[in-house]
Colleague: 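Before we start, here is the structure in question, set down as structure tokens.
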Amino acid sequence: MTAIPLPHVASARGSYLYDEDGRDYLDASSGVLNVNLGHGDPAVIAAITEQLGQVAFVHRSQFSSRPLRLLTEQLLAVAPAGTAHVEYANSGSEANECALRIALAYHHRTGSPGRTVVMSEQPSYHGMTAGALTLTGQPAKVDASFAPLLTNGTIADGSRVLPAPGALRAGRQEWAAALDRAGRERVAAVFVEPVGGASSGAAPMDDETLRWLRAEADRSGFLLVADEVMCGFGRTGRWWGCDHAGMAPDLLTSGKGLSGGYTSLAVTLVGARVAGAFDKPLGSVVLGHTMSGNPLAAAASLAVLRRLRADELPARAARLGAGLAARLAVLAAKHPVITAVRGRGLMLGLGLAGRPEHPLAVSRALVSSAREHGLVLCPGGIDHVTESVMVAPPLTSTEGELDELARRLDAALDTLASRTTSAVGAVPA
Ligand SMILES: Cc1ncc(COP(=O)(O)O)c(C=O)c1O
């Protein structure tokens, strides 16, 4: 809930949203890093409309469909090396639940039912369903009343991996110590965000640590799961966040950019070794939901994926991201509240000088001052160390839009600076 009334959206085109009073807002967060093609893409609208006129729903146990078949083909063409199977879900949270179930079922079937510990990092965000919520490393944000939901049988004490004091992400040393603590023979899976989402304000994982975890997973027998719900599908300037480290996980979950915000669809990409451990096709193990992989969502996502591939939007994100990071560095030199410019491609974050006594107040104040200046930003961070905002416009943005983004952000930062310290502190929690 927010104390500041939200604008009422009336329409949207490309990188801009318009409210009912006709004000425009430049979307510097692509919704929540999902509207990667911008709004109102004609090819996606045409694909959805055509599919709606043919068949919107079939259950995957009764029929396959042309869009789902083509989407699966296209996904396998861009998936990390060794991907053998695509499992569909409706949200990133569900895709992570699916990865959890596959990991536990894999160890059961390969003679290691004692591998039940699943590890994840803090800060992290993996979703709101019970298993995904349990993996989420945000103690101050995850409501204490949810505790009975959390699957502590799987996520044992000590399986949360913390960064060194003052650091944003855990490195090899912290991971090694945590694996020692948990006992490597008990670990079923390790979940990582190759480029952190809102919980760390786009802090990338160190590539060397990621490669070390890959090697450690092979040595010790646990599965490496990359949660690329936010950073997948070209957002970071490569197809996958893992590509920056040149490694492929055992399981990769993604969502958001797959459908570009036009519908709900998420995936768990399964590597050959894991898929091969099941004596019947993985899809027939109980994994999905009623709407998983329905033809309408598949048709929309197929159109999004075709556009991502045809227009080489991951490479465009790399190119535009370098220019945007340079513009943000200019703002950082001018505004002392910005402590860092970080991220990859068009998944950028501004570290902010947070105040320990009012964690996240500065981030919230900047988001609302940006809105006053017609700019949409996502808040980031779980405490004053990670306090940040995400800057992540659509992959289809123009150079002119990035100039305008920097201009509006500059004005928002001026407004933030002009407000008194007490006014910042008074921003509602
Ligand atoms: C890294 C990551 N994992 C999982 C999720 C959960 O996805 P959803 O909101 O679609 O359930 C999110 C959502 O922001 C995310 O950023």
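Here the structure is a predicted model, which is why all the values come from computation and not from measurement.
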Colleague: Output yes when a side-chain donor or acceptor of Arg342 lies under 3.5 Å from a complementary backbone atom of Pro204, and no otherwise.
Modeller: no
Colleague: For Cys242, does its backbone N or O pair with a side-chain atom of Glu228 as donor and acceptor, under 3.5 Å?
Modeller: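 Present.
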Colleague: Without swapping roles, check the side chain of Ser259 against the backbone of Gly255 for a donor-acceptor pair under 3.5 Å.
Modeller: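 Looks like no, no N/O pair under 3.5 Å.
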Colleague: Would you find a donor on one side and an acceptor on the other, under 3.5 Å apart, between the side chain of Ser199 and the backbone of Gly197?
Modeller: no
Colleague: Is the closest basic N to carboxylate O distance between Glu404 and Arg408 below 4.0 Å?
Modeller: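 Yes, charged N to carboxylate O under 4.0 Å.
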Colleague: From the options Thr134, Leu135, Thr129, select the one residue that forms a side chain to side chain contact (heavy atoms under 4.5 Å, CB included) with Leu100.
Modeller: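 Only one of Thr134, Leu135, Thr129 forms a side chain to side chain contact (heavy atoms under 4.5 Å, CB included) with Leu100, namely Leu135.
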Colleague: Under 3.5 Å, is there a donor-acceptor pair between the side chain of Arg115 and the main chain of Arg184?
Modeller: yes
Colleague: Would Arg23 count as a cation-pi partner of Tyr25, with NZ or CZ less than 6.0 Å from the six-membered ring centre and within 45° of the ring normal?
Modeller: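 The answer is yes; both the distance and angle limits are met.
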Colleague: How close do Leu360 and Asp383 get, counting heavy atoms only, and between which atoms?
Modeller: CD2-O, 3.7 Å
Colleague: Would you call Asp207 and Arg238 a salt bridge, taking side-chain N to carboxylate O under 4.0 Å as the test?
Modeller: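 Judged by the 4.0 Å cut-off on N to carboxylate O distance, Asp207 and Arg238 do not form a salt bridge.
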Colleague: Go through it in stages, so that I can follow the logic: the residues are Asn90 and His289, the test is side chain to side chain donor-acceptor pair (under 3.5 Å), and I'd like the CA-CA distance, side-chain angles, deciding distance and then a yes or no.
Modeller: CA-CA 8 Å; Asn90 304 296; His289 304 263; 5.0 Å; no
Colleague: Treating Arg307 as the side-chain partner and Ala303 as the backbone partner, does any N or O pair qualify as donor plus acceptor under 3.5 Å?
Modeller: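 The answer is no, because no donor-acceptor pair under 3.5 Å joins these two groups.
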Colleague: Would you say Ser397's side chain and Glu401's backbone share a donor-acceptor pair under 3.5 angstrom?
Modeller: no
Colleague: Are Asp403 and Arg407 within salt-bridge range, i.e. N to O under 4.0 Å?
Modeller: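 The answer is no: the pair does not qualify as a salt bridge.
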Colleague: Taking Glu387 for the side chain and Ser363 for the main chain, is one N or O donor matched with an acceptor at less than 3.5 Å?
Modeller: yes
Colleague: Using a strict cut-off of less than 4.0 Å between a Lys/Arg side-chain nitrogen and an Asp/Glu carboxylate oxygen, indicate whether Glu312 and Arg319 qualify as a salt bridge.
Modeller: no
Colleague: Can we say Asp206 and Arg169 salt-bridge, meaning some charged N sits less than 4.0 Å from an Asp/Glu carboxylate O?
Modeller: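 Salt bridge absent between Asp206 and Arg169.
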Colleague: Can you name the nearest heavy-atom pair linking Leu104 to Ala188, along with the distance?
Modeller: CD2-CB, 4.1 Å
Colleague: Closer than 4.0 angstrom, basic N to acidic O: yes or no for Asp250 and Arg214?
Modeller: yes
Colleague: Using modelled atom types and a 3.5 Å cut-off, is there a donor and acceptor pairing between side-chain atoms of Gln138 and backbone atoms of Ser124?
Modeller: yes
Colleague: Under the criterion side-chain contact (heavy atoms from CB on, under 4.5 Å), I'd like the reasoning laid out for Met230 against Met347: C-alpha separation, chi angles, the key distance, then a yes or no.
Modeller: CA-CA 9 Å; Met230 196 179 256; Met347 186 164 177; 3.9 Å; yes
Colleague: Between Thr83 and Leu76 (side chain of the first, backbone of the second, donor and acceptor by atom type, cut-off under 3.5 Å), is there such a pair?
Modeller: no
Colleague: Between Trp240 and Pro80, which heavy-atom pair has the shortest distance, and what is it?
Modeller: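 Where Trp240 meets Pro80 most closely, the heavy atoms are NE1-CD, 3.5 Å.
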